[in-house]
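Here the structure comes first, spelled out in structure tokens, and everything after it is commentary.
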Amino acid sequence: MTDLLFRSVLLPDGRTTDLAVRDGRLIDPADVSAPRVVDVAGSRVLPGLVDLHTHLREPGGEAAETIASGTAAAARGGYTAVFAMANTTPVADSPAAIADVAERALGASAEVVPIGAVTRELGGSQIAPLEEMHALGVTVYSDDGHCVANTDVMREVFERIRCFGGVVAQHSQDPVLAPAAACCHDPSVALDYGLVEWPPTAESVIVARDVQLAQETGARLHVCHVSSAESVEIIRWAKQRGVAVTAEATPHHLLLGSGEVPASAPDRASGPDPLYKVNPPLTDNEHIAALRQGVADGTIDVIATDHAPHPADAKRRPFATAKPGMLGLEQSLAVVIATLVEPGLLDWVGVADRMSLAPARIGSIPDRQGRPLTVGEPATFVLIDPTRRGVVPTTGRSIAHNNPYAHRELPDPVLATLWNGRVTWADPALGLVPA
Ligand code: DOR
Ligand code: ZN
């Protein structure tokens, strides 16, 4: 392969460097021979982004997404690794299912790291063979979509994963306070449309329980898609006490409030637009501000997309019965720029940390992702122009179209994504052909 040379790019810390790529690694720019020089002078570079929370839907949900389409969307968004959630069909709750995902991911446009289910069939009672899945490399376990609500089960899982340094990524949803039908943050909207309310405490009481179980057992807890100010407070409190807890916020919870969600009909007779239905639900300015502050001060360790593709017919229903979830991989960095970088809450070192280094560390893959951009390291990085903007198109690289950012004007920062030297996405203007 021809050497690639990217001249005068800005590192997260503001230094300028040349990046030279040969055989998948960064080499000394003085050593390149007859390189292909790519004109990106003045653009920024970040280590390849890592998403701790992606629903790739394969196997079983290929009408919405496949590993190929989902990782193509990831590459378009600057990601070089995605953790694949276990709520597929069949559920990734056995070594055979984990091996199947790993095999299907050969040839994907990003590294796919399988997440193992915590309980069989995500049922919440029978613990999955955690150790056997760990033998295949699994370190992150999640019943995402469902909460591990049984306290005994959660404690036993913590005791077992502690032995090998695993982590439970919990979908915090108290099943009494927020039963399966819960979907609505705003009580008055719930009342208007006969929807079931999801109070913020439905999340925070589980977070409070879990940080105490993590402290008691010495195990690692990761809190998925934190959405409430109360949860941020509890996580901050737990971290101050040395609990091994980490947390994520999604782009949609950082940008979108339930108040600005357009009605699906002019008279709102049929309720809010189901495109914006997501678990946990979109909130309001108080919670959004607490989340942004939590990311800024490090209480929230990572941005994770919770990219949740759904086929059109699953969203073309009344709000109450539509499937929850929205796309996120392609616009995640754009939303982080708009909500955190541009308002001055996060600098580029912070972005690299929250979107690459921290998720790689939490997911136990820091040997190959979230690496420093120095000679000898894998050529795994994303080149960006944070000043570039555009209107988000209705179709992207996902098979599904439930993109809440479509039609919005947002940054369009990603110029090119390289994973181990392989160009997985490039703006056509660069003349780099993705392989
Ligand atoms: O909105 C959501 N969609 N939240 C989840 O926890 C699961 C996800 C999905 O799988 O669709
Ligand atoms: Zn979830």
Side-chain angles (χ1 to χ4, degrees), residues 52-67 70 82-105 112-161 164 166-183 198 202-203 206 209-210 213 219 221-225 278-280 304 306-311 314 321-325 363:
L52 261 185
H53 190 150
T54 308
H55 297 276
L56 289 174
R57 301 296 190 221
E58 182 182 349
E62 289 86 349
E65 197 79 288
T66 62
I67 290 175
V82 296
F83 284 73
M85 270 299 171
N87 64 339
T88 46
T89 311
V91 172
D93 61 0
S94 68
I98 296 295
D100 179 49
V101 173
E103 194 182 318
R104 288 166 181 268
V112 175
V113 187
I115 293 177
V118 176
T119 63
R120 286 280 192 192
E121 298 285 336
L122 313 176
S125 51
Q126 200 190 338
I127 299 175
L130 311 173
E131 296 79 5
E132 288 174 44
M133 290 191 279
H134 177 64
L136 295 182
V138 173
T139 59
V140 183
Y141 297 86
S142 184
D143 277 0
D144 183 60
H146 300 268
C147 181
V148 182
N150 183 307
T151 309
D152 265 347
V153 168
M154 194 64 173
R155 192 211 254 132
E156 183 182 333
V157 168
F158 272 146
E159 276 167 354
R160 283 168 58 178
I161 59 150
F164 54 83
V167 60
V168 179
Q170 172 75 298
H171 168 114
S172 310
Q173 178 182 1
D174 182 276
V176 177
L177 294 178
C183 59
W198 179 318
E203 176 179 273
I206 295 292
R209 181 201 72 173
D210 286 348
L213 292 176
L221 166 69
H222 178 75
V223 186
C224 291
H225 41 53
V278 65
N279 289 347
D306 194 5
H307 178 85
H310 287 294
T321 54
K323 285 265 194 312

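- Distance check: H307 NE2 to M85 CE gives 13.0 Å after rounding to the nearest 0.5 Å.
- The CG atom of D100 sits 8.0 Å away from atom CD of E58, with the distance rounded to the nearest 0.5 Å.
- No side-chain donor-acceptor contact under 3.5 Å links T89 to the backbone of G60.
- In this structure, the separation between CE on M154 and CG on L213 is 7.0 Å, given to the nearest 0.5 Å.
- No side-chain donor-acceptor contact under 3.5 Å links R104 to the backbone of P59.
- You'll find the side chain of D152 stays beyond 4.5 Å of the side chain of E156, heavy atoms only.
- For the atom pair CZ of R155 and CG of N150, the computed distance is 11.0 Å after rounding to the nearest 0.5 Å.
- Between D210 and V148, every side-chain heavy-atom pair lies at or beyond the 4.5 Å cut-off.
- Counting heavy atoms from C-beta on, the side chains of V113 and V140 never come closer than 4.5 Å.
- Contact annotation: the side chain of D93 never approaches that of L122 to less than 4.5 Å [non-hydrogen atoms, C-beta and beyond].
- In this structure, the side chains of V157 and Y141 stay at 4.5 Å or more apart for every pair of heavy atoms.
- Side chain of R160 to main chain of P129: no donor-acceptor pair is present (N/O by atom type, distance under 3.5 Å, no hydrogens or angles).
- Between L221 and F158 the shortest side-chain heavy-atom distance falls below 4.5 Å.
- Side-chain N or O atoms of Q126 include none that pairs as donor or acceptor with a backbone N or O of R120 at under 3.5 Å.
- Judged as a ring pair (Phe, Tyr, Trp, His ring centres under 6.0 Å), and not counting sequence neighbours, the contacts of H55 are H53.
- Looking at heavy atoms from C-beta onward, I206 lies out of side-chain contact with Q173 at the 4.5 angstrom threshold.
- A donor-acceptor contact closer than 3.5 angstrom is absent between the side chains of H146 and N87.
- Looking at heavy atoms from C-beta onward, V168 lies out of side-chain contact with H222 at the 4.5 angstrom threshold.
- Separation of atoms SG (C224) and CG (D144) is listed at 5.0 Å; rounding is to 0.5 Å.
- A distance of 12.0 Å separates CG of L177 from CD of E203, quoted to the nearest 0.5 Å.
- The side-chain contact (heavy atoms from CB on, under 4.5 Å) test with H171 is passed by exactly one of N279, D143, V223: N279.
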